[in-house]
Structures are given as structure tokens and as C-alpha cells.
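Written out below as C-alpha cells is the structure these notes cover.
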Amino acid sequence: MSALVASDVAAVQAAVREGRPLLPVAGGTHPASVPGPDGPVRVLDVSGLAGIVDYDPAELTFTARPGTPLAEIEQMLAANGQHLPFDPPRLGPDATLGGAVAAGVTGPGGFAAGIRDFVVGVRFVDGTGRLAAGGGRVVKNAAGFDLPKLMVGSLGRLGVMVELSLKVFPRPEATASLRFPTVGLAAGLAAIAALARGPITPLALDLAADGAVTARVGAAAELIAARAERLARSIEPHGEPLAAAEHGPRSATSPGEVAAGDASHWGEARRFAWVGDDARLVVVPTAPRRIATLDAELDSRGLRRRYGLAANVAWIAWPEATPVAELSALLAAHAMSGLVLTGAPLPEPLIGAAAGGAFARRIAGALDPRGTFAGGSR
Amino acid sequence: MRYRCNMESERFTTSLRALGLGDRVLTSDAQLAAFGSDALTAFNQRPLAVVVVESAAEVAAVVRRCHEAGVPFVARGSGTSLSGGSVPVEGGIVIALNRMNRVLSVDPDARIAVVEPGVINLAVSAAAAAHGLAYAPDPSSQSVCTIGGNLAFNSGGAHCLKHGMTANHILGLRAVLPDGEVVDLGGESTEHVGPDWAGMFCGCEGLFGIAVEATLRLVPVPESVRTALAVFDSLERAGEAVAAIVGAGLVPVAMEIMDALAIEAAEASVKPAYPSGAALLIVELEGDEAVVEHELAAVEALLREAGCGELRATADPGERALIWKGRKSAFSAVGWLAPDYIVQDGVVPRTRLGEALREIDRLGAERGIRVANVFHAGDGNLHPLILYDGREEGAVERAEELAADILALCVDLGGSITGEHGVGVEKRDHMKLMFSAEDLGLMEDLRAAVDPGRLANPGKMLIPPPSASPAAVPNPAATA
């Protein structure tokens with residue numbers, strides 16, 4: 001099916017009112033959720049619905065259209081010493097703000113700053129073609145239903161977002177990263193638990209399947225070295241500064257090497273380069289006490305995986321050649337849900353246990369009574 | 001069908017007792033008197049009955065019974081709503097959740113707690129303290145208000161500036177929908193996939209049903225906390241100091257401003273020994289020792305640059321407690337200044353605080369009404385306290401007019417009619433200042449989809465459409 005293009009609100013409304021199944025797509029960096037070319041659902045290309053609408057650095061908020069590239073937003077914020085603290089995954093250079101919100105995935109550097117806490121306002125076109133707004137442009141607001149939160153993770157299936165307002169944070173002046181050479185998952189989980197509860201709240205806390213823990217910390221430039229040092233010594237075994245990959249598998253020694261190691265590690269982490277071209281990236285929310293069971297399952301299948309955000313999420317590389325239904329069944333058996341972000345288009349990128357029950361069905365039915373965003377049926 | 005005749009209502013309450021609730025179905029005038037209103041005492045409605053529930057299963061059974069009989073209901077914790085959110089519905093029952101007050105579990109490694117809705121806000125932090133953890137949202141009423149009410153109204157507090165509002169701290173919940181169906185939303189992870197159903201349920205003001213269990217995010221108790229007090233010769237200057245702190249890339253955990261009248265009220269009641277002046281700014285920093293030291297020095301320099309008078313900072317827990325006692329009791333302390341008052345809860349963009357305060361001052365002076373100001377300056381959340389004497393003819397109406405003008409002002413400046421108290425009964429007429437007819441229509445559609453009988457706390461947040469009498473809507477069972 002050929003793509004429809006909508007670069008303003010009226011065009012979005014017109015496309016939706018045609019009543020035939022469609023889904024909004026902008027950068028296309030989450031290809032598993034993009035409608036396939038042979039399916040019944042048309043792509044509504046909203047990449048032209050882009051641009052910053054409003055940004056006053058002193059407000060720590062901005063408003064932009066969803067097709068705005070993340071790179072443009074980051075550049076704008078960085079020029080004012082600010083950033084998106086939820087560190088959205090960058091699965092391609094065309095990643096957009098709308099895509100980040102629709103996927104609703106916090107990136108590796110977003111420990112304690114999940115994306116759901118940062119979307120404060122939304123304007124969207126629902127399944128009847130109606131333009132509606134929820135939330136606002138201020139950081140604190142309790143008026144009306146929390147539609148901005150509802151959009152986080154909605155995958156474009158509850159409406160076509162046309163404008164988003166987000167909260168942002170000051171960007172730490174300096175960052176540093178540490179690797180804790182813990183051996184085995186149990187030791188790694190214990191280290192994560194201790195670090196997450198300690199006096200210094202890290203920006204990132206990652207756990208590798210072999211038990212090694214990587215932490216990132218931020219601070220003012222004159223404090224960063226001492227802060228990293230204190231975090232490194234807060235548990236046994238002590239952490240070591242991370243070297244950039246090109247320096248080989250060893251600790252960094254000079255300040256320059258430390259900075260380079262920090263930047264290259266998290267740059268690569270948010271691109272999820274380790275997943276590889278032959279596998280799909282799947283995001284599975286979890287909890288520390290459930291990791292051991294999940295990891296045994298993943299290990300027995302020889303899957304590459306990492307655990308992020310202090311063991312609140314599993315990132316799994318699922319081989320493209322293996323049917324996703326197998327992973328879906330595995331997750332469902334453990335009462336877990338997942339989202340497939342990359343790989344060939346899937347009719348249903350949400351896998352595992354269904355979430356929301358009757359509440360979800362009723363809300364979705366009200367926003368999209370004809371099933372325009374649900375492949376034609378509700 | 002609403003119960004107009006005694007025989008029908010008696011039959012209904014008898015059927016509730018038959019659910020095994022026995023003498024926990026309260027119907028005598030003496031028993032019902034305490035439930036007629038909440039902290040917004042201007043509204044009062046005698047309920048048909050109050051049902052004191054003790055379990056999630058009982059909540060589901062009572063709600064199902066209400067659904068079958070077409071009887072409206074409202075859940076209630078401690079009744080501290082400042083927007084009339086827990087005022088009973090005419091002909092409806094109150095479901096009192098206070099006995100569901102157990103902290104079910106604390107998982108220190110995951111930094112979460114699972115609680116029942118009747119748990120008092122501060123009791124969560126008390127239960128988590130042994131693990132070096134705390135529950136961050138801190139409404140001023142936190143020593144009495146319950147998590148269920150906090151969740152339903154997405155409550156805030158002074159420390160939202162850094163930590164965010166209640167919804168940010170609710171990871172998962174179990175809810176009884178308005179027809180008695182039980183659903184689990186969210187989970188125990190900080191992440192979710194698919195739409196944020198738990199986030200959508202938070203702040204629904206009871207319109208989507210009743211949360212009977214919640215999974216809360218906990219945060220580490222900070223190693224160091226410093227509280228600075230600075231006096232300014234005008235509210236505007238204090239507001240500029242706040243903007244300067246935010247502009248410098250600092251995110252204190254709280255930034256509060258009180259004006260001379262609010263300071264006077266606090267001194268007359270809890271005597272926090274505030275320095276006197278036209279405006280008092282409280283800035284609190286928390287974190288690890290080194291960062292707090294560094295940030296305090298930066299904040300003090302910015303405060304001096306902004307022209308503050310007396311400036312002092314303390315790490316002493318006793319002094320800090322007194323500073324916050326003065327601030328958190330400011331609403332009730334205003335009772336020392338005037339027989340009656342209205343609390344407002346508008347939000348403005350923080351860069352427009354000075355403008356908003358000047359305009360509020362002008363609007364009050366125009367009507368000869370005194371307004372005390374206490375507010376969460378860091379996030380632009382104003383709490384003007386409009387003082388009046390209800391015994392004077394027309395005083396209530398004049399105060400309400402001023403309150404409405406202030407809300408309109410907040411929306412004009414790009415803000416909101418409520419930052420943390422919710423819409424409730426009090427501000428439902430003002431929703432149209434913020435939202436278009438289409439926006440409100442969509443919200444009404446969402447409510448009708450979840451609750452076709454409009455039995456869950458009707459009359460709060462949204463004004464029911466004229467056609468929406470319970471008898472005129474289809475049986476929810478047919479559309480669910």
C-alpha cells in the first residue's frame with residue numbers, strides 16, 4: 001500500500017476520517033511496529049509534522065511537533081545546558097520525538113528518570129478525527145485525565161500525536177563511568193541493589209549477563225572525579241574507570257581516556273549496537289527478583305541480553321530468523337510483557353502477557369471506536 | 001435508578017449488609033455526620049450510607065452491588081481533599097477505605113512498596129525507613145492523608161520539584177472498575193510497554209473506579225539535606241531569585257515562597273521563627289554531602305545576587321522540621337487572620353511568577369479582599385489564600401469571584417487551574433478555561449466508556465452532560 005503523507009493537523013484529520021486502517025510513522029527507527037507493505041494497514045507518514053513550537057530554557061520545558069528529530073531537540077537543549085534525562089534509544093539517525101514517546105522506552109542512561117515522568121502535554125487526533133488536548137505546558141498540572149501519560153508507549157494506536165510538551169532537566173556538566181568486575185548474576189544484582197540505594201544516585205546502572213555492572217555518574221566538573229571515586233569504592237569489588245573500546249579491554253588511566261570511555265560506551269549503548277543486524281531488539285520490563293529466572297531461560301537459548309535501569313528492564317537480542325511467537329510464549333509463561341522494536345514488521349509488536357484488561361479495552365474503544373489504528377477491528 | 005423513597009434505600013443497605021458487611025454499613029445520622037464533607041467544607045451532602053470495607057474483595061462486591069442497583073459511590077480515605085473530591089453524591093454511598101491500611105510488602109532491592117489504599121502517606125516512609133528508603137510525594141496533609149486519595153488526585157507536595165507528582169511514583173495498581181471488574185495496571189518495574197494504563201488511572205478523581213492496591217516507587221533517604229531561608233523586600237524579587245536558581249542549572253528538591261501575611265499567620269500559630277520581611281524563600285537541597293555543599297554555595301551566591309536580606313541555612317533536623325511545620329501548616333494558620341478563606345491551586349509558567357503575583361495583588365486590592373500567598377515557586381504552583389468573613393453579606397460571592405479571576409489569570413499566562421489539589425467539585429466549572437469543548441467531550445467519552453452508568457464519583461472533574469441521567473444510559477454489562 002502506498003503511504004499517506006500528513007504534514008499538518010488538517011491532513012492528519014482528513015486521513016483518519018477516511019476510516020481505513022492506518023498507523024502514524026515518522027523516522028521509522030522502530031521498524032517492527034511499522035505496518036508491512038503487504039498488510040491491510042497504511043502508513044501515515046508524519047515526518048513532516050516537525051519543528052520546535054516553543055522553548056524557554058528557564059521553564060525547563062519545550063513544545064514540539066512529533067516528527068521533530070531527536071538530534072535537533074538534543075542540540076537545542078545542549079546549547080542551553082539541558083538534556084532529555086530519559087536518554088531515549090537512538091536506533092537510527094532519523095529517530096524522532098514522537099517515536100520516542102510512542103515507543104515509551106527509557107534508554108540506558110535514564111535510571112531514575114523514566115520517560116513516563118517527562119511528557120506533560122499532548123495534542124492528538126483520535127480515531128474519529130477529533131483534535132483533542134490533555135495536560136498542558138507547565139511542569140505541574142492535575143487538571144483532567146492524564147492523556148500525556150497515556151500516550152507514552154501507545155505506539156500510535158490511540159491517536160496521532162500532533163504536538164508534545166515535555167519537561168527537561170539540566171545536563172550534568174561532567175559524567176564518568178565505572179565498571180564493577182562482579183562475577184555472576186547474583187553478585188551483579190547485589191551490587192546493583194547496593195548502588196541504587198546508596199547516597200550517590202547514578203545516571204545509569206547496567207548489568208551484563210556475566211554479572212559485570214556498569215554505572216554512570218554525573219556532577220559539576222570540579223566534583224566529578226571525587227564523586228566517581230566515591231561511587232567506585234562504595235562496594236566490593238571496587239569499580240574501575242571505563243576505557244573506550246578502542247583502548248582495548250583495560251581500565252582507563254588518564255582523564256582524557258576516562259572521558260572518552262564514558263562517551264563512547266553510552267553512545268553505543270543507546271544505539272544498541274550490540275544487538276547486531278541479525279537480531280531484533282526486544283524490551284521487557286522486569287524487576288530485580290525476577291531476573292535470575294528470566295536469565296536462565298534466555299541463557300538456555302543462547303540469547304544476547306543486558307539488564308538496564310538497575311535491573312528494571314531486560315534488553316534482549318532475539319534472532320530475526322526465530323519466530324517472535326516463541327519469545328511471546330516464554331514471556332507470557334512468566335507473566336511478563338515485551339515490546340519488539342526492530343526487525344521486520346510484525347502485526348503485533350507487543351508480545352507476552354496482555355496488559356490493561358478491561359480498562360485498556362474500554363479506553364482504546366472510546367479513542368478509536370472504528371479500530372482505525374488497530375488494523376480495522378477493536 | 002436513584003433511591004428516593006426510604007423503603008428502596010433500606011432494601012439497598014440491607015443488601016449491602018448481606019454481603020457480610022453487617023454493622024460496617026453505617027446509616028444513622030450520627031454515624032454519617034462526619035462523612036458529609038471533606039477539607040473543602042463549603043460542600044456538604046449526606047450520603048445514603050457509609051460502608052467500611054476491609055478488603056479488595058469487599059470493595060469489588062460493594063461496587064458490583066452499586067452497579068446492579070444503579071447507586072452512585074465515592075471512595076474515601078481521610079477526607080483531606082481540598083477540591084471537594086470526596087464529597088458524597090446525592091443518593092449515593094461512601095466506601096470508606098481507612099481500614100485497608102496495611103503496607104503489604106517492602107522490597108528494598110527493587111526499591112518498591114506494595115500498599116493498600118488506606119495507608120497514610122507518612123506511614124509508607126516509616127515502613128521503608130529501616131531500609132534507608134522513603135516515599136517522595138509529600139502533600140502538606142501527609143500525616144493524615146492516604147495513598148488512595150493521593151493516587152486518585154495525583155497529589156503533589158513541596159518536594160515535587162525534583163521528584164515529580166504522585167503518578168510518577170505509582171508503578172502499578174489493582175483497581176476495581178465501576179462495574180466491579182478487577183484489573184491490574186502497570187507492574188513493579190519503572191518501565192512498561194504499551195500505553196501507560198497505570199499512569200492514566202492516576203489522577204482520575206475516582207471516575208475510573210477505586211484503586212485497592214498500589215505498587216510505589218521508593219527513593220533513597222538522602223545523605224545530606226540543607227534548608228536555606230532568605231528574605232526579600234518583595235515577592236517579585238523572591239520570584240526572580242527562583243528563576244535565577246533554575247536558570248543556573250540547579251534543581252533543588254523544593255523552593256517555596258511565603259508572603260508577609262502567610263509568615264504572620266505561621267508565626268501566630270506554630271512559631272517557626274522565620275525572619276520577617278515581605279517575602280520568604282525556602283530552598284531545600286538534598287543528595288550526597290559533596291554535591292549539597294557545592295550546590296548550597298551556588299544557591300547562596302545567587303540569592304545574594306538577587307538582593308536578599310537575611311539569609312540562613314541549616315542542616316539541623318529539628319530546625320528543618322520547624323521550618324517545614326510553619327510552611328505546611330500555613331493553610332490552617334490563616335485561620336488566625338480571618339474567619340474564612342478559599343485556597344487556590346493555580347499554576348503559571350515559572351518565568352511568569354512575578355507577573356502573576358502582581359496581578360493577584362491588584363485583583364485583591366480592587367475588591368478590598370486580603371490575599372495571603374504561599375506557593376511552590378519552583379514549579380510555578382500558586383496557593384493564594386483568599387481571606388473573607390462569611391458573616392458579611394456577599395463576602396463569599398466576592399471571594400469566589402476573585403478566586404475565579406485568579407484561575408483565569410493562570411490559564412491566560414499559559415498555566416493550569418490546578419497543580420495538585422485536583423478539579424473535584426470546586427473547579428469543574430473552570431475546566432472550560434483550559435480545555436476546548438472537544439477536549440472535554442473526549443474526556444467525557446473516556447469516562448462513559450469505563451463507567452457507562454456514571455456511578456463512580458459523578459459530579460467531580462467533569463460536568464455530566466444533561467442527557468446523562470443514570471436511567472438514560474444502557475446497561476454497562478452490554479457494552480463492557
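Numbered from 1 within each chain, the chains take letters A, B, ... in sequence-line order.
Taking chain B as the reference chain and counting heavy-atom pairs below 4.5 Å, the highest number among A335(A), P57(A), G338(A), P172(A) is found for G338(A). The choice from G164(B), G194(B), S83(B), G247(B) that makes the most heavy-atom pairs within less than 4.5 Å of chain A is G194(B). Interface remark: of the candidates D445(B), V347(B), V450(B), V182(B), V450(B) forms the most heavy-atom pairs closer than 4.5 Å to chain A. When each of L60(A), N141(A), D146(A) is checked for heavy-atom pairs under 4.5 Å with chain B, N141(A) comes out on top. In terms of non-hydrogen atom pairs under 4.5 Å with chain B, the most contact-rich of P170(A), A143(A), P288(A) is A143(A). Comparing E205(B), H294(B), M431(B), E420(B) by how many heavy-atom pairs each has under 4.5 Å with chain A, the most go to H294(B). Residue with the most contacts toward chain A among R352(B), H131(B), E188(B): E188(B) (heavy-atom pairs, distance under 4.5 Å). Comparing K427(B), E438(B), R350(B), E223(B) by how many heavy-atom pairs each has under 4.5 Å with chain A, the most go to R350(B). Note: T190(B) leads V183(B), N154(B), T190(B), V246(B) in heavy-atom pairs under 4.5 Å with chain A. Here A196(A) is the residue among G114(A), A196(A), G136(A), A103(A) with the most heavy-atom pairs under 4.5 Å with chain B. With respect to chain B, the highest number of heavy-atom pairs below 4.5 Å among Q82(A), R137(A), R289(A) belongs to R289(A). Among A112(A), P199(A), A194(A), G110(A), the residue with the largest count of heavy-atom pairs under 4.5 Å with chain B is P199(A).
If you measure heavy-atom distances from V221(B) to chain A, you find no contacts under 4.5 Å at all. Contact annotation for A110(B): both backbone and side-chain heavy atoms come within less than 4.5 Å of a heavy atom of chain A. For C160(B), the part sitting under 4.5 Å from any heavy atom of chain A is the side chain, from C-beta outward, and nothing else. The part of E222(A) that comes within reach of chain B is its side chain, from C-beta onward, which places non-hydrogen atoms under 4.5 angstrom from that chain. For chain A, no part of A244(B) is nearby; none of its heavy atoms comes within less than 4.5 Å. Only the side chain of D56(A) comes within less than 4.5 Å of a heavy atom in chain B; its backbone stays farther off. Using a 4.5 Å cut-off between heavy atoms, R123(A) does not touch chain B at all. If you measure heavy-atom distances from L350(A) to chain B, the contacts under 4.5 Å come from the side chain alone. With a threshold of 4.5 angstrom between heavy atoms, L462(B) approaches chain A through side-chain atoms but not through N, CA, C or O. There is no contact between L218(B) and chain A, counting heavy-atom distances below 4.5 Å. When heavy atoms are compared at a cutoff of 4.5 Å, H430(B) does not approach chain A at all. Both the backbone and the side chain of T106(A) come within less than 4.5 Å of a heavy atom of chain B. Heavy atoms closer than 4.5 Å to chain A are found in both the backbone and the side chain of P349(B). Heavy atoms of F86(A) lying under 4.5 Å from chain B are absent altogether. For chain A, no part of K460(B) is nearby; none of its heavy atoms comes within less than 4.5 Å.
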### Task
Determine, stepwise, if the pair R227(A) / V291(B) fulfils side chain to side chain contact (heavy atoms under 4.5 Å, CB included).
CA-CA 9 Å; R227(A) 203 163 194 242; V291(B) 166; 3.3 Å; yes
### Task
Give the C-alpha distance, both sets of side-chain angles, the deciding distance and a yes or no for side chain to side chain contact (heavy atoms under 4.5 Å, CB included) between E191(B) and L339(A).
CA-CA 11 Å; E191(B) 288 288 282; L339(A) 169 63; over 6 Å; no
### Message
side chain to side chain contact (heavy atoms under 4.5 Å, CB included) for I363(A) and F201(B)? Distances and angles first, verdict last.
### Response
CA-CA 11 Å; I363(A) 295 284; F201(B) 191 93; over 6 Å; no
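Residues G135(A) and M434(B) come closest through the heavy atom pair O-CE, 4.0 Å. V423(B) approaches G144(A) most closely through the heavy-atom pair CG2-N, 4.1 Å. The minimum heavy-atom distance between W197(B) and F359(A), with the atom names listed, is O-CE2, 3.7 Å. Shortest non-hydrogen contact noted between A358(A) and L177(B) is CB-CD1, 3.8 Å. In this structure, P195(B) and L150(A) approach most closely via the heavy-atom pair CB-O, 3.6 Å. Among all heavy-atom pairs drawn from F111(A) and R111(B), the shortest one is CE1-NH2, 3.7 Å.
Residues K167(A) and D379(B) have side chains not in contact (no heavy-atom distance under 4.5 Å, counting atoms from C-beta outward). Counting heavy atoms from C-beta outward, P285(A) and V193(B) have side chains that approach closer than 4.5 Å. Counting heavy atoms from C-beta on, the side chains of V152(A) and M200(B) never come closer than 4.5 Å. Contact check for F145(A) versus L442(B): no side-chain heavy atoms found under the 4.5 Å cut-off.
Not a single donor-acceptor pair under 3.5 Å links the side chain of R197(A) to the backbone N or O of P220(B). A donor-acceptor distance shorter than 3.5 angstrom exists from the side chain of S189(B) to the backbone of N312(A), with no hydrogens or angles considered.
A salt bridge links D179(B) with R362(A): the distance from a Lys NZ or Arg NE/NH1/NH2 to an Asp or Glu carboxylate oxygen falls below 4.0 Å. Salt-bridge annotation for E289(B) and R230(A): absent, with no side-chain N of the basic residue lying under 4.0 Å from a carboxylate O of the acidic one. With respect to D117(A) and R217(B), a salt bridge is recorded, a charged nitrogen being found less than 4.0 Å from a carboxylate O.
Put simply, CE on M443(B) and CG on L147(A) are 5.5 Å apart, with the number rounded to the nearest 0.5 Å.
A side-chain hydrogen bond (donor to acceptor under 3.5 Å, both in side chains) with K140(A) is found for one member of T418(B), N381(B), D345(B) and no other, namely N381(B).
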